[in-house]
A.B. asks: 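Here's a structure for you.
The sequence lines fix the lettering, A, B, ..., with proteins before strands; numbering per chain opens at 1.
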Amino acid sequence: MVRIKELINQLKPIFSNAMNSLDVPESIWLPLLGKATVEDHGDVALPCHSLAGILKKAPQEIAKQISELVASDLQSIAIVSSMSGFVNITAKPEWLSNRICILLADPRLGVSVDQKKTFVVDYSAPNVAKEMHVGHLRSTVIGDTIVRMLEFKGHNVIRENHVGDWGTPFGMLIEHLLDLGEDRAADELGVGDLDSFYKQARSKFVSDEEFANRSRSRVVLLQGGDAETLRLWRILVNESMRYFNEVYSMLGVMLTDDDIRGESSYQELLPEVVDRLRESGDLEQSDGADVVFPGGWVNREGEPLPMIIRKADGGYNYSTSDLACIIDRVERLGCDGFLYVVGTPQKQHFEMVFQVAKKAGFMSHNHQAVHVNFGSVLDTDGKVLKSREGEVIKLHDLLEEAIWRAEQSIDDKNPDLLGKEREEVARAVGIGAVKYADLSTERTKDYVFDWEKMLSFEGNTAPYLQYAYARISSIFRKWGGDRQSLTTSFESLMDSEFSNLRDEEILLSRRLVEFPSILDDSVSTFSPHKLCKHLHSIASSFASFYENCGILKEDIEAVSQRRLALCEVTSRELKLGLEMMGINVPERM
RNA sequence: GGGCGUGUAGCAUAGCCUGGAUAAUGCACCGGCCUCCUAAGCCGGGGACCGCGGGUUCGAAUCCUGCCGCGCCCGCCA
């Protein structure tokens with residue numbers, strides 16, 4: 001439940017007086033004061049049913065009594081009424097306009113700056129020589145949005161892209177590269193045909209003993225730091241990165257080569273993890289491997305589940321690099337929080353890693369380690385979409401298709417858009433739709449990959465929000481006035497009559513005023529969908545306002561100015577909100 | 001077997017942590033609206049025993065519990 005902070009803050013002292021006179025302690029009534037569950041009933045409500053036992057009166061009576069007690073003090077802020085045991089508080093147009101005024105004057109649109117912390121956000125993480133699939137899309141898009149939100153809230157954010165560039169598969173990949181010839185292999189990877197490259201290597205590894213043996217020896221050479229092997233490995237990494245960067249650039253995410261922290265870069269830190277765990281007394285031996293028992297988990301046989309730190313063959317494990325990362329982040333980067341934008345299937349893994357890291361003293365309770373998990377992408381038959389089998393949907397193709405469809409839409413709906421502008425709008429609309437489709441659902445749930453839905457431009461989609469923005473831009477172009485001046489002209493309207501306000505203006509205002517509270521909630525829970533939902537409600541009430549209230553064609557100058565000010569705030573909130581998701585807002589579409 | 005998660009109109013989702021009023025939104029469906037600031041839109045309408053059964057409560061989609069369906073994890077892979 002999100003409350004409008006500013007309104008609650010003003011209501012609190014007034015209710016405090018009333019409740020004191022009834023002898024109801026703050027600890028009881030304050031938590032009850034929340035957002036009205038039915039928008040028509042008001043902005044804030046206080047259900048009184050639970051007070052019946054204390055006050056020995058019917059809830060309806062209590063609500064009535066409280067509303068009478070607060071009525072006079074609330075006069076300048078809100079209208080209060082009681083109904084079936086609820087005290088309902090509806091902010092007055094004067095109060096709403098006051099807030100709108102503050103938003104207009106504030107470049108941050110009323111969003112506060114938090115006490116600065118340093119966050120590491122770990123996201124995207126594609127694998128070298130493997131196609132990026134829809135799962136990477138989720139991680140990349142959600143991670144990027146969280147980064148932008150945290151930065152806007154004033155935090156220092158370090159992006160980390162843990163590219164899978166190390167491990168046993170690289171033996172076979174390098175051997176396959178040699179078989180193909182370096183040039184041809186580079187070509188294949190460069191055009192983004194990663195999946196077939198990987199599959200070819202894989203199938204040879206399974207079917208061809210000689211190839212498999214070469215691959216195994218190649219792994220040893222790689223881990224031993226053999227110069228020629230490293231050079232070949234570098235080709236694989238570079239060509240893949242070139243392709244990933246192309247996808248990133250299409251998507252419009254912030255990741256660059258500077259953010260890459262390949263798994264290979266943690267190799268030197270791994271022995272230290274073992275040493276430290278030995279020192280802290282957590283390390284145990286099991287069948288020749290170094291392990292830690294986090295406790296609380298059992299395997300299929302009911303035995304305690306170990307976390308393997310170093311395998312019997314001396315190799316390290318995934319958990320080991322995650323622990324190394326934590327040490328690096330705490331000691332070198334000095335960060336306060338680390339977020340892992342990784343799928344839900346790895347939930348248990350992260351719980352174990354965090355527990356071990358705390359126990360061994362790699363991080364303290366002051367550190368906030370969060371697995372920002374997201375659900376699996378399912379196929380239409382309800383099965384997990386796998387890149388290994390069947391038709392893989394290449395991210396690159398999906399994005400191109402999205403842009404192409406947007407172009408068709410533009411040609412259909414606005415044939416006047418031509419050339420470069422047409423291209424840019426198509427990009428913003430197409431890519432925006434794909435990103436928004438992913439961001440607008442609650443991230444922890446599995447979702448069915450629906451090509452059509454992802455490319456839809458109707459309903460609760462990015463294009464709907466962009467359309468609202470473009471309409472407002474169009475109004476301002478036509479108006480031709482100075483948008484900055486709206487702030488002062490709106491202030492001067494504050495003393496005038498509010499009786500001619502239409503319902504659509506009031507509803508839009510209420511939603512615009514909620515924006516800072518919603519954004520805060522969205523950031524603190526790492527849930528972009530909450531912001532999406534609110535942006536849609538803003539755009540939707542704007543559309544209704546736009547259809548029903550004349551803006552430039554309104555005869556009364558003061559009313560026209562007031563409506564232009566609402567357009568201004570709407571436009572800026574939509575723009576800021578979409579910018580948080582890295583979605584562009586065209587001036588025309 | 002153990003653990004985690006999930007089930008809301010035909011479909012897709014929000015609400016669940018922190019219980020409150022007539023369960024919200026989009027698609028699809030039905031009926032209206034472009035000589036008028038962009039119809040990617042607006043206005044109106046139908047459609048849900050919130051998986052099923054118990055419990056707690058003045059009050060349960062929300063909390064507890066037992067079933068049922070589905071998914072995932074339990075690798076010396078990452």
Side-chain angles (χ1 to χ4, degrees), chain A residues 1 31-32 34 36-41 45 47-50 52-53 58-59 83-86 88 125 127 162 164 166-169 263 286-291 296-302 305-306 308-319 321-322 343-349 351 373 375-376 378 382-384 406 409-410 412-414 416 429 440-442 444-448 450 452-453 456-461 463-464 466-468 470-479 525 529-530 532-533 536-537 540 543-544 546-554 563 567 588-589:
Chain A
M1 177 176 54
L32 293 173
T37 52
V38 181
E39 202 172 27
D40 293 346
H41 289 160
C48 303
H49 313 81
S50 58
M83 181 184 175
S84 56
F86 291 85
N88 288 320
N127 294 306
H162 279 231
W166 205 249
T168 46
E263 278 159 20
S286 171
D287 298 328
D290 292 321
V291 304
W297 286 280
V298 291
N299 66 13
R300 238 178 276 266
E301 284 73 40
L305 188 66
I308 292 141
I309 302 298
R310 185 164 57 184
K311 302 185 277 186
D313 67 5
Y316 297 97
N317 230 328
Y318 183 38
S319 307
S321 21
D322 275 332
T344 303
Q346 296 191 47
K347 196 173 177 217
Q348 181 182 314
H349 163 76
E351 283 171 359
N373 61 321
S376 305
L378 306 180
K383 295 245 170 79
V384 174
S409 227
I410 291 165
D412 183 36
K413 286 163 177 151
N414 192 355
D416 295 341
V429 168
S440 59
T441 70
E442 209 272 323
T444 62
K445 287 191 178 174
D446 287 355
Y447 83 121
V448 176
D450 187 340
E452 288 300 323
K453 196 185 168 240
S456 162
F457 300 153
E458 283 175 359
N460 183 11
T461 62
Y464 180 80
Q466 289 166 324
Y467 182 62
R471 280 172 141 184
I472 298 171
S473 298
S474 172
I475 291 168
F476 280 123
R477 273 196 303 274
K478 221 156 238 170
W479 177 54
T525 56
H529 81 279
K530 292 182 179 174
C532 291
K533 187 172 166 273
H536 178 255
S537 83
S540 164
S544 182
Y546 176 89
E547 301 277 351
N548 293 292
C549 308
I551 299 160
L552 297 176
K553 47 189 184 186
E554 167 60 47
R563 291 179 180 168
C567 287
R588 302 200 291 171
M589 67 183 272

A.B. asks: Can you check B:rC34 for me, syn or anti if syn means within 90° of 0?
C.D. replies: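 Syn, since the glycosidic angle lies within 90° of 0.
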A.B. asks: When you get a sec, tell me which of B:rA40, B:rU25, B:rC42 is the closest nucleotide to the side chain of A:H536?
C.D. replies: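 My answer, after comparing the listed nucleotides, is B:rU25.
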A.B. asks: Considering only B:rA21, B:rC74, B:rA40, which nucleotide approaches the side chain of A:R300 most closely?
C.D. replies: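 So the side chain of A:R300 is nearest to B:rC74.
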A.B. asks: For the atom pair CG (A:D290) and CG (A:N317), what is the distance rounded to the nearest 0.5 Å?
C.D. replies: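 Here the interatomic distance stands at 11.5 Å.
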A.B. asks: Which of parallel (below 30°), tilted (30 to 60°) and perpendicular (above 60°) describes A:H349 and A:Y318?
C.D. replies: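 Parallel.
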A.B. asks: Let me spell it out: for each of A:V429 and A:S319, pick the nucleotide of RNA chain B with the closest heavy atom. Which residue's pick is nearer the 5' end?
C.D. replies: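 Taking each residue's closest nucleotide, the earlier one in sequence belongs to A:V429.
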A.B. asks: Look up atom OG1 in A:T461 and atom NE2 in A:H536, then write down how far apart they are to the nearest 0.5 Å.
C.D. replies: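 Answer for the OG1-NE2 pair, A:T461 versus A:H536, is 7.5 Å.
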A.B. asks: Select one nucleotide: of B:rC4, B:rA21, B:rG20, the one nearest the side-chain heavy atoms of A:P47.
C.D. replies: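 So the side chain of A:P47 is nearest to B:rG20.
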A.B. asks: Would you classify A:F476 as touching base, sugar-phosphate or nothing, given that sugar-phosphate means primed atoms plus P, OP1 and OP2, and contacts are heavy atoms under 4.0 Å?
C.D. replies: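 Nothing, no heavy atom under 4.0 Å.
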A.B. asks: Would you tell me if any nitrogen or oxygen in the side chain of A:S544 comes within less than 4.0 Å of OP1 or OP2 on B:rC43?
C.D. replies: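 Answer is yes, contact under 4.0 Å.
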A.B. asks: Reckon A:N299 has a side-chain N or O less than 4.0 Å from the OP1 or OP2 of B:rG2?
C.D. replies: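 No, because none of the side-chain N or O atoms of A:N299 sits under 4.0 Å from OP1 or OP2 of B:rG2.
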A.B. asks: Evaluate side chain to side chain contact (heavy atoms under 4.5 Å, CB included) for A:Y464 paired with A:S540, printing each intermediate quantity in order.
C.D. replies: CA-CA 9 Å; A:Y464 180 80; A:S540 164; 3.7 Å; yes
A.B. asks: Atom CD1 of A:I410 and atom CZ of A:R588: how far apart are they, to the nearest 0.5 Å?
C.D. replies: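 Rounded to the nearest 0.5 Å, the CD1-CZ separation comes to 11.0 Å.
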A.B. asks: Rounded to the nearest angstrom, tell me the gap between atom CG in A:N460 and atom P in B:rG41.
C.D. replies: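 Checked: the CG to P distance equals 11 Å.
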A.B. asks: Quickly work out the A:Y318 OH to B:rC77 C1' distance and round it to whole Å.
C.D. replies: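 Whole-Å distance recorded here is 11 Å.
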A.B. asks: Report, as a single string ordered 5' to 3', how protein heavy atoms within less than 4.0 Å touch nucleotides 57-62 of chain B: B base, S sugar-phosphate only, - not at all.
C.D. replies: -B----
A.B. asks: Assign A:I309 to base, sugar-phosphate, or nothing according to its heavy-atom contacts below 4.0 angstrom with the strands shown.
C.D. replies: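 Here A:I309 touches no strand at all.
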A.B. asks: Report which part of the nucleic acid A:A468 touches: base, sugar-phosphate, or nothing (heavy-atom distance under 4.0 Å, all strands).
C.D. replies: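 The residue A:A468 makes no contact with any strand.
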A.B. asks: Specify the separation, in whole Å, of atom CG of A:D412 and atom P of B:rG41.
C.D. replies: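 Between P of B:rG41 and CG of A:D412: 13 Å.
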A.B. asks: With a 4.0 Å cut-off on heavy atoms, is A:N317 in touch with a base, just the backbone sugar-phosphate, or nothing at all?
C.D. replies: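 It contacts sugar-phosphate atoms only.
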A.B. asks: Looking only at atom types and distance, does a side-chain atom of A:D446 sit under 3.5 Å from a main-chain N or O of A:S376, one as donor and one as acceptor?
C.D. replies: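 Such a contact is found between A:D446 side chain and A:S376 backbone.
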A.B. asks: Quick one: label A:T525 by what it contacts on the DNA or RNA (base, sugar-phosphate, nothing), any heavy atom closer than 4.0 Å.
C.D. replies: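 No contact at all - A:T525 keeps every heavy atom at 4.0 Å or more from the nucleic acid.
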A.B. asks: Of the candidate nucleotides B:rG2, B:rA78, B:rC74, which contains the atom at the shortest distance from the side chain of A:V298?
C.D. replies: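 Among the listed nucleotides, the one closest to the side chain of A:V298 is B:rG2.
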A.B. asks: Which parts of nucleotides 32-39 of chain B does protein reach within less than 4.0 Å, heavy atoms only, written one letter per nucleotide 5' to 3' as B for base, S for sugar-phosphate only and - for none?
C.D. replies: ----BBBS
A.B. asks: Kindly compute the distance separating SG (A:C532) from CG (A:N460), expressed to the nearest 0.5 Å.
C.D. replies: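 These two atoms lie 7.5 Å from each other.
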A.B. asks: Apply side chain to side chain contact (heavy atoms under 4.5 Å, CB included) to the pair A:I551 and A:C567, showing each step before the final yes or no.
C.D. replies: CA-CA 9 Å; A:I551 299 160; A:C567 287; 3.7 Å; yes
A.B. asks: Report all interatomic pairs (protein N or O, nucleotide N or O of nucleotides 7-14 of chain B) with separations under 3.5 Å.
C.D. replies:
unit_1 : atom_1 : unit_2 : atom_2 : d
B:rG7  : OP1    : A:K445 : NZ     : 2.9
B:rA12 : O2'    : A:K453 : NZ     : 3.2
B:rA14 : OP1    : A:E442 : N      : 2.5
B:rA14 : OP2    : A:K445 : NZ     : 3.0
B:rA14 : O3'    : A:H529 : NE2    : 3.4

A.B. asks: Going through the checks in order, is the side chain to side chain contact (heavy atoms under 4.5 Å, CB included) test met by A:R477 and A:S473?
C.D. replies: CA-CA 6 Å; A:R477 273 196 303 274; A:S473 298; 3.9 Å; yes
A.B. asks: Pair A:Y546, A:R471 - check side chain to side chain contact (heavy atoms under 4.5 Å, CB included), show working.
C.D. replies: CA-CA 9 Å; A:Y546 176 89; A:R471 280 172 141 184; 3.5 Å; yes
A.B. asks: Quick one: NZ on A:K453 to OG1 on A:T441, what's the gap to the nearest 0.5 Å?
C.D. replies: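 Going from the NZ atom of A:K453 to the OG1 atom of A:T441 covers 7.0 Å.
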A.B. asks: In this structure, how many angstroms lie between the C1' atom of B:rG5 and the NZ atom of A:K347, rounded?
C.D. replies: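 About 7 Å, once rounded to whole Å.
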A.B. asks: Just the rounded figure in Å: distance from P of B:rA21 to CD of A:E39.
C.D. replies: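 Rounded to the whole Å, the gap is 15 Å.
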A.B. asks: Between A:H41 (NE2) and B:rU22 (P), how many Å, whole number?
C.D. replies: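 About 8 Å, once rounded to whole Å.
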A.B. asks: Identify whether a stacking contact exists between A:W297 and B:rG3, where the ring centres must be under 5.5 Å apart and the planes under 30° apart.
C.D. replies: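 Stacking is absent between B:rG3 and A:W297, given that the ring centres and planes do not meet under 5.5 Å and under 30°.
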A.B. asks: For the side chain of A:P345, counting heavy atoms from C-beta on, which of B:rC72, B:rC77, B:rG75 is nearest?
C.D. replies: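 Of the options given, the side chain of A:P345 lies nearest B:rC72.
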A.B. asks: Given B:rC42, B:rC27, B:rA78, which nucleotide is nearest the side-chain atoms of A:A543?
C.D. replies: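 Among B:rC42, B:rC27, B:rA78, the one nearest the side chain of A:A543 is B:rC42.
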A.B. asks: Is it the case that atom NZ in A:K530 sees more than 12 heavy atoms from other parts of the structure closer than 6.0 Å?
C.D. replies: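 For A:K530, atom NZ is crowded (more than 12 foreign heavy atoms under 6.0 Å).
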A.B. asks: Take the protein atom CD of A:E458 and the nucleotide atom P of B:rC29, then report the distance between them rounded to whole Å.
C.D. replies: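 Going from A:E458 (CD) to B:rC29 (P), I get 10 Å.
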A.B. asks: If pairing requires Watson-Crick or G-U wobble contacts with both distances under 3.5 Å, which nucleotide is the partner of B:rU6?
C.D. replies: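 Paired with B:rU6, as far as the under-3.5 Å criterion goes, is B:rG69.
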A.B. asks: Considering only atom P, compute the distance from B:rG7 to B:rA12 and round it to an integer number of Å.
C.D. replies: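 Per the computed distance, 12 Å lies between those P atoms.
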A.B. asks: Report the residue (A:K311 or A:L305) whose heavy-atom-nearest nucleotide on RNA chain B is the more 5′ of the two.
C.D. replies: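 Nearest-nucleotide comparison on RNA chain B picks A:L305.
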A.B. asks: To the closest 0.5 Å, what do you measure between NE2 (A:H41) and CE (A:M83)?
C.D. replies: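 Output value for this atom pair is 3.5 Å.
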